[in-house]
There are 2 protein chains.
Amino acid sequence: MARLSDIIEDFIKDMLKEKENGIEIQRNELATYFKCVPSQINYVIGTRFTTEKGYYVESKRGGGGYISIKQVSISKPYEYMMHVILSMGETLSQQSAEIYINNFVDYNIISKEDSVMIKAAVSNNALKSVDIIKRNQVRVDILKNMMLRRVV
Amino acid sequence: MARLSDIIEDFIKDMLKEKENGIEIQRNELATYFKCVPSQINYVIGTRFTTEKGYYVESKRGGGGYISIKQVSISKPYEYMMHVILSMGETLSQQSAEIYINNFVDYNIISKEDSVMIKAAVSNNALKSVDIIKRNQVRVDILKNMMLRRVV
DNA sequence: CTTTCTTTGACTATCTCTGACCTTATTATA
DNA sequence: TATAATAAGGTCAGAGATAGTCAAAGAAAG
């Protein structure tokens, strides 16, 4: 059974596809349409339209309020990559790693096939014999090393 | 009498036969159907639907959660890779890893560019924060995971 | 008799949905 | 203009819905 959040996510993504310059939605309107509480719209945006995933969200309260969603432009892959590597920090969960890797595909830095392989390299399964405490540290080291080699 | 785990295994395999693109199951639903505890489903999947046996399993928790199982098509590269992976053993030096990776390039399983990236993933530099004692074990895990996903 | 495989259940982790309460912006009115 | 009413959107904690882990008990095989 598809989750409501997924349905709303798809709905918003469809809207974004049609509009080049981002969209503006009414939170209450959307909630009424999907027969859910307004805060579920926040949940969807908060979990699916994050900065990490390449979205830029703004909103305004009060009369005539709105939520605007834009997709970050993908102009300079190399600079993006270096920026991301430098901003990764010293530790990385499997989940966060996958978000980064999906972004690399979106930015045409790696192919879909490579992304599968890279995800495998940093999966908990591959790192199962690394101490839990160190695992996220090893993960980020591996990902940085791979991505550096790819763009250099 | 056949063990329950075998019955569940057969049931899932029958489902897989009918669906070309893999299946999605509900752990609790299946457990109810077979009148067993949910964790037995994990046991069956963990012992019968492993990567080594050619299956790829993903799951998600929470509302609308699922376990998805896909059967890997047994291609020539897959068989070759499986053979190589099984021969790798439980530990691998950086030097040996590079020999394997070079062979994969020769066999046209990966590109030269990918080989650079894979070598980076299993380099001592990427694994610098893994205990020396465990490093060769982690290295082989990573390489196995990556290569399996590449041929799958 | 020992080892390995199976079954069970208590506890844990994660994701989704809901509602009460809060903050901010605009508009109407005294 | 100051104030009140109205019209948005935001936050957060808790309830609900799944799945995962692990160790111990039980059963089967060697």
Side-chain angles (χ1 to χ4, degrees), chain A residues 1-12 22-53 55-70 92-99 123-125 127-133 135-136, chain B residues 1-12 22-53 55-70:
Chain A
M1 187 194 73
R3 275 145 269 140
L4 219 209
S5 290
D6 291 343
I7 296 170
I8 298 173
E9 175 187 3
D10 290 344
F11 182 86
I12 294 175
I23 57 169
E24 249 179 40
I25 58 178
Q26 250 62 44
R27 189 180 77 146
N28 289 333
E29 191 183 293
L30 208 57
T32 305
Y33 181 78
F34 284 109
K35 296 183 177 54
C36 64
V37 294
S39 58
Q40 182 151 10
I41 306 301
N42 295 87
Y43 175 72
V44 172
I45 289 171
T47 54
R48 272 89 162 164
F49 295 89
T50 61
T51 312
E52 266 185 347
K53 291 179 181 170
Y55 294 95
Y56 184 56
V57 178
E58 278 178 317
S59 67
K60 195 178 172 188
R61 310 185 191 194
Y66 60 84
I67 300 175
S68 88
I69 305 177
K70 286 176 187 156
L92 192 66
S93 69
Q94 172 170 0
Q95 204 178 16
S96 300
E98 295 198 350
I99 291 170
S123 66
N124 284 328
N125 195 41
L127 302 179
K128 63 178 184 294
S129 48
V130 179
D131 286 353
I132 284 269
I133 306 163
R135 201 174 281 175
N136 287 350
Chain B
M1 191 188 98
R3 273 147 274 140
L4 218 208
S5 289
D6 292 340
I7 296 170
I8 297 173
E9 176 187 3
D10 291 343
F11 182 86
I12 294 175
I23 57 170
E24 244 178 45
I25 58 178
Q26 250 63 45
R27 190 181 75 147
N28 288 336
E29 192 182 291
L30 209 57
T32 305
Y33 182 78
F34 285 108
K35 297 183 177 52
C36 64
V37 294
S39 58
Q40 181 149 12
I41 307 300
N42 294 88
Y43 176 72
V44 172
I45 289 171
T47 54
R48 272 85 162 168
F49 294 88
T50 61
T51 313
E52 277 172 13
K53 291 177 180 166
Y55 296 94
Y56 182 60
V57 178
E58 278 177 316
S59 68
K60 195 173 176 185
R61 311 185 191 193
Y66 60 83
I67 300 175
S68 89
I69 306 176
K70 288 178 183 149

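All chains are named by letter (A, B, ...) in the order of the sequence lines, taking the proteins before the strands, and each is independently numbered beginning at 1. Keep in mind that this is a model prediction, so the values were computed, not measured.
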In whole Å, I'd like the distance from the CG atom of A:Asn42 to the C1' atom of D:dA8. 12 Å
Report the relative orientation of the aromatic rings in B:Tyr33 and B:Phe11; use parallel for angles under 30°, tilted for 30 to 60°, perpendicular for over 60°. tilted
Shortest side-chain distance from B:Asp6, nucleotide among C:dC17, C:dT26, C:dT6: C:dT6
Between B:Glu58 (CD) and C:dT14 (P), how many Å, whole number? 17 Å
Taking atom P of D:dG20 as reference, at what distance in whole Å does atom OH of B:Tyr66 sit? 11 Å
Kindly compute the distance separating CZ (B:Arg61) from CZ (B:Arg27), expressed to the nearest 0.5 Å. 9.0 Å
On DNA chain C, check which nucleotide each of A:Gln40 and B:Tyr43 is closest to and give me the residue with the more 5' one. B:Tyr43
Is any side-chain N or O of A:Ser5 closer than 4.0 Å to OP1 or OP2 of C:dC17? yes
Check whether more than 12 heavy atoms from other residues, nucleotides or ligands sit under 6.0 Å from atom NZ of A:Lys70, and answer yes or no. no
For D:dA17, does OP1 or OP2 lie under 4.0 Å from any side-chain N or O of B:Gln26? no
Could you tell me the separation between the CZ atom of A:Phe34 and the CD1 atom of A:Ile7, rounded to the nearest 0.5 Å? 7.5 Å
Report yes if some heavy atom in the side chain of B:Ile45 is under 4.5 Å from a heavy atom in the side chain of B:Ser59; otherwise report no. no
Quick one, A:Tyr66 and A:Gln26 - any side-chain contact, counting heavy atoms below 4.5 Å? yes
Any side-chain heavy-atom pair from B:Leu30 and B:Ile67 closer than 4.5 angstrom? no
Side-chain N or O of B:Lys60 closer than 4.0 Å to phosphate OP1/OP2 of D:dG20: no
Could you tell me whether the side chain of A:Ser39 has a donor or acceptor atom within less than 3.5 Å of a complementary atom in the base of C:dG19? yes
Reading nucleotides 1-7 of chain D from 5' to 3' and marking B where a protein heavy atom lies under 4.0 Å of the base, S where only the sugar-phosphate is that close, and - otherwise, the string is ------B
Donor-acceptor pair, distance only, cut-off 3.5 Å: does the side chain of A:Arg135 make one with the backbone of A:Leu127? yes
Report the distance from atom NZ of A:Lys128 to atom C1' of D:dT21, rounded to the nearest whole Å. 16 Å
When you measure from the side chain of A:Arg27, which nucleotide among C:dT16, C:dC17, D:dG10 comes out closest? D:dG10
Could you give the CD1-to-P distance, from B:Ile45 to C:dC5, as a whole number of Å? 19 Å
Distance, rounded to the nearest Å, where A:Asn124 contributes CG and C:dT14 contributes C1': 14 Å
Tell me if the side-chain of A:Ser59 makes a donor-acceptor pair with the base of D:dG9, cut-off 3.5 Å, by modelled atom types. no
Atom pair distance, as rounded to whole Å: CD in A:Glu24 and P in D:dA8: 13 Å
Testing A:Thr47, A:Val44, A:Ile41 one by one against A:Ser5 for a side-chain contact (heavy atoms from CB on, under 4.5 Å), which residue passes? A:Val44
The reported gap from OH in A:Tyr43 to CG in A:Leu4 (rounded to nearest 0.5 angstrom) is 11.5 Å
Looking at every strand, decide which applies to B:Ile67 at a 4.0 Å heavy-atom threshold: base, sugar-phosphate, or nothing. sugar-phosphate
Numerically ordered, the residues 28-37 of chain B set in heavy-atom contact under 4.0 Å with DNA chain D is B:Asn28
Whole angstroms only, please: what is the CG-P distance between B:Leu4 and D:dA27? 14 Å
